[in-house]
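So that the names make sense, note that chain A is the first sequence line, chain B the second, and so on, each numbered from 1.
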Amino acid sequence: MTVRVRFAPSPTGYLHIGSARTALFNYLYARSTGGKFLLRIEDTDIARSTEESTRSILDGLAWLELDHDEDIVFQSDSADKHRETARKLLADRKAYRDFTPKVEATGDVKAGIAERARAAQGVKNMRDNPYRDLSTGESDARAAAGEPFAIRLKVPMEGRTAFDDAVYGIQERDYDDTEDLVLLRSDGHPLYNLAVVCDDIEMQITHVIRGQDHLTNTHKQILIYEALGVVPPIFAHLPLIMAPNKGKLSKRKHGEVVSMTTYRDAGFLAAAFRNFLALLGWSAGEEQEIYTLSELIEKFSLDGIHRSNAVFNFHENDPRHWTDDKAQWMNAEYIRTMPVEQLLPFVRPELKAAKLWRDEYEDGTRTPSSANVAEDGVSLEVGSAEWYEKTVDLIRARFFTLKDFSSRGRSYFSEDYDFDAAAVEKNLTKFPDLKTWLPELANRFENEFSEERVSSPNVREGFTSKPFTEENIETVVKAFTEEKGTKLGVIMNGARTLLTGVAVGPSMLSVFETLGLKRTVMRLRSQVAWKT
RNA sequence: GUCCGGUUCGUCUAGGGGUUAGGACACCGCCCUUUCACGGCGGCAACACGGGUUCAAAUCCCGUACCGGAUACCA
């Protein structure tokens, strides 16, 4: 039997981190078993469902690359079938018409339900509905007379529902604890449990993998399967993802941190986030943390799923820990260790969005004529595809998100970058001599190197033509430092701040080389930083 | 209230009768270094509690506590 699983979100908001994980687990299970991963939009709550939300959920799934099989099923399209099923159950006397007038919920719905349940405690049997055993004749007559009614499932008086959950094990529940659930509202609207069972049957779902909050629904749904004479699928309930206080994780309370789009927009790599999500409530029982998608598919199994809820750990008022540390670490880990050519396609849109992109960065668009790249490849023309790749590779080591390429890495791609006040203070203002030394160093570079066509009145006649490479730069900077009787760090750090605007980054020699002679010289002469 | 589920470092987790209870993140320290949020080394830090079973319990059983979920003519 081919495995068929489904992810069935209700479109009442964006793709929540918990739903995303449910989708991921379904996806992994389907792919690991050679089964099908189906998508069903449970849009039967007309008042709350929106198309925008459906789109947002699909966007989220697309971003995570959880591609589904077959056409998307919209639950609302099958309402007639659901009604028909309810009527069939009625005809089979597995369900009955309840003529009790509908009571509208007011105020806090959840609290009201709990209150009502408490009040009913011990007072009455959950199934002692006066209409439960109404004769067919009278029921038909009242219905024919136009009296409104809901259709309720007739839960047997004796016995219990039981199923073997793939995660939680044997689950049993006395019929006594289950109310005769409404299948069809008095306005003819089919309700969730009926709709889900009908659709799961229709879609030939073999495994229902969903949140643990559905555990009691499962008992109700099994009752419907039994009434219908259909063998229920296998159920696997997932532990829930909680807020740091172990409470419910919600948009109301926690905002954007729970939305998948937040991570996409914050410069997360889908692969990294997927990896993080996979480890929230599941483990392969080993010490590995970084898994490629194919490894996840290969290793995923229902027995690796935990029974206890997991905390999504973030700190609302701490910008550095605004989301789970491990998610951030994992993203950084992906950025700095994945093959650079795989990273490039993600950096490009980021630079484009920040208007830092140049077409020359694209592979294959280089113009050979403009290249004065040394034969050994050490000094690359700034702006070439090779330069771009090398630069991305250099600066990614200390980056956490794709956003960093356009923010903290801005100075590599544009002349228009900001100076960090603390860095200026620490590395420039503190050493006033640098104000003259650095432009002097620029002249020195210009005289010593010839990587680029620099036209300047300061170029000496008969200069030695050396490539602007780390090794050569080091010699020059060291000599310069000695002449000035200062420490290498003073020059290097001053140059770093002037050239990149910040106090941190890769080796300064590689920064010089990466920026190239022309830009290095220009920036060393710049006095802008001193004015801030 | 009732039903159901859960409980190993701050967080994610490994381990499921005998372990110095392992790893990762975070945090702290040292090293590397011209700087650094890279890297290297190290440190802090956990079996909820009480009973039982057993030669031996984090691990099995029972209870308690706490946390969570559910309880709807919502999904």
Scan [X] against the nucleic acid and name what it touches under 4.0 Å (heavy atoms): base, sugar-phosphate only, or nothing.
X        : answer
A/Gly285 : sugar-phosphate
A/Pro506 : base
A/Glu179 : sugar-phosphate
A/Arg160 : nothing
A/Ile113 : base
A/Pro148 : nothing
A/Glu286 : nothing
A/Asp177 : sugar-phosphate
A/His237 : nothing
A/Gly281 : sugar-phosphate
A/Val109 : base
A/Lys487 : nothing
A/Thr100 : base
A/Ala310 : sugar-phosphate

Whole angstrom is fine here: how far is it from [atom1] in [X] over to [atom2] in [N]?
X        : N     : atom1 : atom2 : result
A/His189 : B/A72 : NE2   : C1'   : 12 Å
A/Asn427 : B/U34 : CG    : P     : 14 Å
A/Asp174 : B/C4  : CG    : P     : 8 Å
A/Met242 : B/U11 : CE    : C1'   : 14 Å
A/Asn275 : B/C25 : CG    : C1'   : 13 Å

For nucleotides [N] and [M], find the distance between their [atom1] atoms and express it as a whole number of Å.
N     : M     : atom1 : value
B/U53 : B/C74 : C1'   : 48 Å
B/A48 : B/C67 : C1'   : 11 Å
B/C30 : B/C66 : C1'   : 41 Å
B/U59 : B/A21 : C1'   : 11 Å
B/C61 : B/A57 : P     : 15 Å
B/A58 : B/U19 : C1'   : 11 Å
B/G5  : B/U64 : P     : 14 Å
B/G16 : B/G22 : P     : 15 Å

message: Go nucleotide by nucleotide along RNA chain B from the 5' end; which of A/Leu279 and A/Gly247 gets its closest nucleotide reached first?
response: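 Here A/Leu279 is the residue nearer the 5' end.
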- prompt: Starting at the 5' end of RNA chain B and moving along, which residue's nearest nucleotide shows up first, A/Asn245 or A/Asp187?
  reply: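 Looking at RNA chain B, the more 5' nearest nucleotide goes with A/Asn245.
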task: Determine whether the aromatic ring centres of A/Phe235 and A/His214 lie less than 6.0 Å apart.
output: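 No, too far apart.
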Among [options], which nucleotide sits nearest the side chain of [X]?
X        : options             : value
A/Lys248 : B/G69, B/U13, B/G1  : B/G69
A/Val504 : B/A75, B/U11, B/A37 : B/A37
A/Thr216 : B/U13, B/A37, B/G69 : B/G69
A/Thr44  : B/U11, B/A75, B/G5  : B/A75
A/Arg320 : B/A37, B/A72, B/U34 : B/A37
A/Arg496 : B/A24, B/U11, B/U34 : B/U34
A/Arg398 : B/A72, B/U34, B/A37 : B/A37
A/Ser308 : B/G23, B/U71, B/U7  : B/U7
A/Asn193 : B/A75, B/G1, B/G23  : B/A75
A/Tyr168 : B/G5, B/U35, B/G69  : B/G5

Counterpart base for [N], defined by Watson-Crick or G-U wobble contacts under 3.5 Å:
N     : result
B/G1  : B/U71
B/G50 : B/C62
B/C38 : none
B/C25 : B/G10
B/G17 : none

- request: Answer with yes or no whether the side chains of A/Asp43 and A/Ser49 bring together a donor and an acceptor at under 3.5 Å.
  value: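 Short answer, no.
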query: Would you say the side-chain atoms of A/His219 and A/Thr178 include a donor-acceptor pair closer than 3.5 Å?
result: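 Not at all, the side chains of A/His219 and A/Thr178 share no donor-acceptor pair under 3.5 Å.
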Salt bridge or not for [X] and [Y], using N-O below 4.0 Å?
X        : Y        : value
A/Glu289 : A/Lys326 : yes
A/Glu42  : A/Arg40  : yes
A/Glu286 : A/Lys299 : yes
A/Arg185 : A/Asp187 : yes
A/Arg55  : A/Glu51  : no

Assess whether one donor atom and one acceptor atom, taken from the side chain of [X] and the base of [N], lie less than 3.5 Å apart.
X        : N     : value
A/Lys246 : B/C67 : no
A/Arg48  : B/C74 : yes
A/Arg336 : B/A37 : no
A/Ser507 : B/U34 : yes
A/Ser186 : B/C73 : yes
A/Asn217 : B/A70 : no

Respond yes when some side-chain nitrogen or oxygen of [X] is under 4.0 Å from OP1 or OP2 of [N], and no when none is.
X        : N     : answer
A/His306 : B/U13 : yes
A/Arg408 : B/A37 : no
A/His315 : B/C25 : no

message: For A/Asp180, run the side chain to side chain donor-acceptor pair (under 3.5 Å) check against A/Arg152, A/Arg132, A/Arg127, A/Lys154 and tell me which one passes.
response: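 Between A/Asp180 and the candidates, side chain to side chain donor-acceptor pair (under 3.5 Å) is satisfied uniquely by A/Arg132.
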task: Under the ring pair (Phe, Tyr, Trp, His ring centres under 6.0 Å) rule, collect the residues that match up with A/Phe300, sequence neighbours excluded.
output: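 A/Phe300 satisfies ring pair (Phe, Tyr, Trp, His ring centres under 6.0 Å) with A/Phe25, A/Trp282 once adjacent residues are dropped.
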